[in-house]
Number of protein chains: 2
Amino acid sequence: MVVEIRTRLAQNVRRLREARGWSQEDYADRAGIHRTYVSDIERARRNPTITVVEKLAQPLEVTASELIA
Amino acid sequence: MVVEIRTRLAQNVRRLREARGWSQEDYADRAGIHRTYVSDIERARRNPTITVVEKLAQPLEVTASELIA
DNA sequence: CTGTGACTTTTAGTCCGTC
DNA sequence: AGACGGACTAAAAGTCACA
């Protein structure tokens, strides 16, 4: 892997969230995830399970697959 | 989600592994994962982390993203 | 609004088996 | 060859107070 999968997820989440003009807190609420957990994800500090990736994908209207691409 | 993400992963893994003619154990060794875990994954009993999905993807020469698509 | 350390509970993931 | 169980350890899930 050239770029760590966690880093790709982090970048995709932050990019798409910001494109929608949402704060981490707004986004976290929409995704049903804690605000600080989103913060950790965007800094690639966590190694989430695929169900969390799916939760992250839903409010962004993308697939889980796209988030780790 | 129409089909559970775990189910999609399970189906993709099993299909691609069998296409290569590998046993679960052969595959597990190549992926650096325990054989019982591969068995659980293919039966959609587990909720793996994204790093495990990447490990699963490597010997199959596909991306982690493809495995959960 | 976001980052971070610390924390408890839950589950991922391993390893031993048997059927 | 693969399903499945039990017991275990490592790590993720999930939350909080505070910077």
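First the proteins, then the strands, lettered A, B, ... as listed; each starts at 1.
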Measure the spacing between [atom1] of [X] and [atom2] of [Y] and express it to the nearest 0.5 Å.
X       : Y       : atom1 : atom2 : value
A/Glu42 : A/Thr7  : CD    : OG1   : 13.0 Å
B/Tyr37 : B/Lys55 : OH    : NZ    : 10.0 Å
B/Arg43 : B/Arg14 : CZ    : CZ    : 8.0 Å
B/Arg46 : A/Ile50 : CZ    : CD1   : 12.5 Å
A/Ile5  : B/Glu54 : CD1   : CD    : 4.5 Å

Relative orientation of the end axes in the helix from C/dT2-D/dA19 to C/dC19-D/dG2, expressed as an angle to the nearest 10° (five pairs per end):
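Result, rounded to 10 degrees: 40°.
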
Could you tell me the boundaries of the chain A footprint on DNA chain C, defined by atoms under 4.0 Å from its heavy atoms?
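First and last nucleotides in contact are C/dC1 to C/dA12.
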
Quick one: does B/Tyr27's side chain have a donor or acceptor within less than 3.5 Å of a partner on B/Ile33's backbone?
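No; judged by distance alone, with no hydrogens or angles, the pair does not exist.
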
Check whether any side-chain heavy atom of A/Leu60 sits under 4.5 Å from a side-chain heavy atom of A/Leu67, and report yes or no.
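Of all side-chain heavy-atom pairs linking A/Leu67 with A/Leu60, at least one is under 4.5 Å.
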
Under 4.0 Å protein heavy-atom contact, by nucleotide of nucleotides 1-12 of chain D - B base, S sugar-phosphate only
SSBBB------S

Examine the side chains of B/Arg35 and B/Ser39 and answer whether a donor and an acceptor come within less than 3.5 Å of each other.
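Short answer, no.
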
Are the charged groups of A/Glu61 and A/Arg20 less than 4.0 angstrom apart, N to O?
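Salt bridge flag = no for A/Arg20 with A/Glu61.
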
With side-chain contact (heavy atoms from CB on, under 4.5 Å) as the test, would you mind laying out the steps for B/Ile68 and A/Ile68 before giving the verdict?
CA-CA 10 Å; B/Ile68 59 169; A/Ile68 59 169; 3.7 Å; yes

